[in-house]
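Order of the sequence lines fixes the chain letters, A, B, ..., with proteins taken first and strands second; residue numbering starts at 1 for each chain. The basis for the numbers below is simple: all heavy atoms, side chains too, and nothing from hydrogens, waters or symmetry mates.
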There are 2 protein chains.
Amino acid sequence: MACDLDCDPSKEAMVREILERIADKWTLLVIEALDRETDIRFSRLQERVGNISQKMLTKTLRQLERDGLVTRRVHPTVPPRVDYRLTPLGESLGEAVCGMWMWVEKHVEAVEDARRTFDGRSERPAA
Amino acid sequence: MACDLDCDPSKEAMVREILERIADKWTLLVIEALDRETDIRFSRLQERVGNISQKMLTKTLRQLERDGLVTRRVHPTVPPRVDYRLTPLGESLGEAVCGMWMWVEKHVEAVEDARRTFDGRSERPAA
DNA sequence: CCGCATCCTGTCGGATACTG
DNA sequence: CAGTATCCGACAGGATGCGG
């Protein structure tokens, strides 16, 4: 097995809660984007992430800000400009996220193959 | 930044698709459980994961099986016994997942602090 | 430009009951 | 015990419009 982490049962609940928050479709992508480019504007972030609605992006950013992973800076200019960057804590998480991302990149084909096999299996019993 | 992974833009879509599937509340916990204990039965898995409904557990396991990350073995006994284990591919993913898990364990307090600060900030402007 | 509030819909996901 | 099917509530999340 890869690792032992039964280290502190008392933290379990909290760990899960945080893990669930982070392991969310948008959160990972946003962290990734922030990890690639720093001091990034809202609109730019939105296009970087892909097809996230501004509602979800805002929400995700607020959560990350609340968890101390992202800093939000408002420039009192007109038109207003707001940019975001990872905190040191956020950057350290970025590494872990990258680990997942890299795993996926490395194994896309393997997964695709597995899917084809699996899907084929269901369709062709004796046809 | 932690890593460069613009390596293959053509795979981007697929990478995201897979990432979204994996980066799901239950999936991570299930992989984790399977990583800790192998050849584990359905019911045991369910209690290990926590409070997952059997519907979600089944669904999650099917997806993992489809993606070639988990092997499902049915023992033709009565009462029926089914157990699950990670494939080698699944185990390699387990490592990445552990990375996230360990990050969380390490930084629970930091996140909790950040939250308290953030939440306090909203409540107490001058009270 | 940023992002909040509202409305509305699809999907997630739990509880329950039934089959092998 | 393991898994499927059904029903149904909750909420994620998109579209739109307003406010700073």
*Using heavy atoms and a sub-4.0 Å distance, could you list which residues of residues 51-62 of chain A are near DNA chain C? By number, please.*
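Within residues 51-62 of chain A, the residues near DNA chain C are A/Gln54, A/Lys55, A/Thr58, A/Arg62.
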Between [atom2] on [N] and [atom1] on [X], what's the gap in Å once rounded to a whole number?
| X | N | atom1 | atom2 | result |
| --- | --- | --- | --- | --- |
| B/Asp24 | D/dC11 | CG | P | 18 Å |
| B/Asp83 | D/dG3 | CG | C1' | 15 Å |
| A/Tyr84 | C/dC2 | OH | C1' | 7 Å |
| B/Arg73 | D/dC1 | CZ | C1' | 17 Å |
| A/Glu20 | C/dC12 | CD | P | 16 Å |
| B/Gln63 | D/dG3 | CD | P | 15 Å |
| A/Gln46 | C/dG3 | CD | P | 10 Å |
| A/Arg44 | C/dC2 | CZ | C1' | 17 Å |

*Distance-only, no hydrogens or angles: does the B/Gln46 side chain make a donor-acceptor pair with backbone N or O of B/Leu57 under 3.5 Å?*
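No, B/Gln46 side chain to B/Leu57 backbone: no donor-acceptor pair under 3.5 Å.
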[atom1]-[atom2] distance between [X] and [Y], expressed to the nearest 0.5 angstrom:
| X | Y | atom1 | atom2 | answer |
| --- | --- | --- | --- | --- |
| B/Met102 | B/Glu95 | CE | CD | 9.0 Å |
| B/Glu20 | B/Arg16 | CD | CZ | 8.0 Å |
| A/Arg21 | A/Leu69 | CZ | CG | 11.0 Å |
| B/Asp83 | B/Arg41 | CG | CZ | 8.0 Å |

*Return the minimal non-hydrogen interatomic distance between B/Ile22 and B/Thr27, and the atom names on each side.*
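Looking at all heavy atoms of both residues, the shortest contact is O-CB, 3.4 Å.
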*D/dG14, C/dG20, C/dG13: which one has an atom nearest the side-chain heavy atoms of A/Trp26?*
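The answer is D/dG14, which lies nearest to the side chain.
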*Contact under 4.0 Å: B/Arg41 side-chain N or O vs D/dA2 OP1/OP2*: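 Yes, within the criterion.
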*For B/Arg72, answer base if it contacts any base atom (sugar-phosphate contacts may also be present), sugar-phosphate if it contacts only those atoms, and nothing otherwise; contact means non-hydrogen atoms under 4.0 Å.*
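Sugar-phosphate: the residue B/Arg72, judged by heavy atoms under 4.0 Å, touches backbone atoms but no base.
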*So what is the end-to-end bend of the helix from C/dC1-D/dG20 to C/dG20-D/dC1, with 5 pairs used at each end and the value given to 10 degrees?*
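That helix has its two terminal axes inclined by roughly 40°.
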*Check whether any side-chain heavy atom of B/Ser92 lies under 4.5 Å from a side-chain heavy atom of A/His107, and answer yes or no.*
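B/Ser92 vs A/His107: side chains touch.
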*Under the side-chain contact (heavy atoms from CB on, under 4.5 Å) test, which residues partner B/Lys59, sequence neighbours left out?*
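B/Lys59: side-chain contact (heavy atoms from CB on, under 4.5 Å) contacts with B/Met56, B/Gln63.
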*When hydrophobic residues are tied together by side-chain contacts of less than 4.5 Å, even through go-betweens, does A/Val74 share a cluster with A/Leu45?*
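Per the 4.5 Å side-chain linkage, A/Val74 and A/Leu45 are co-clustered.
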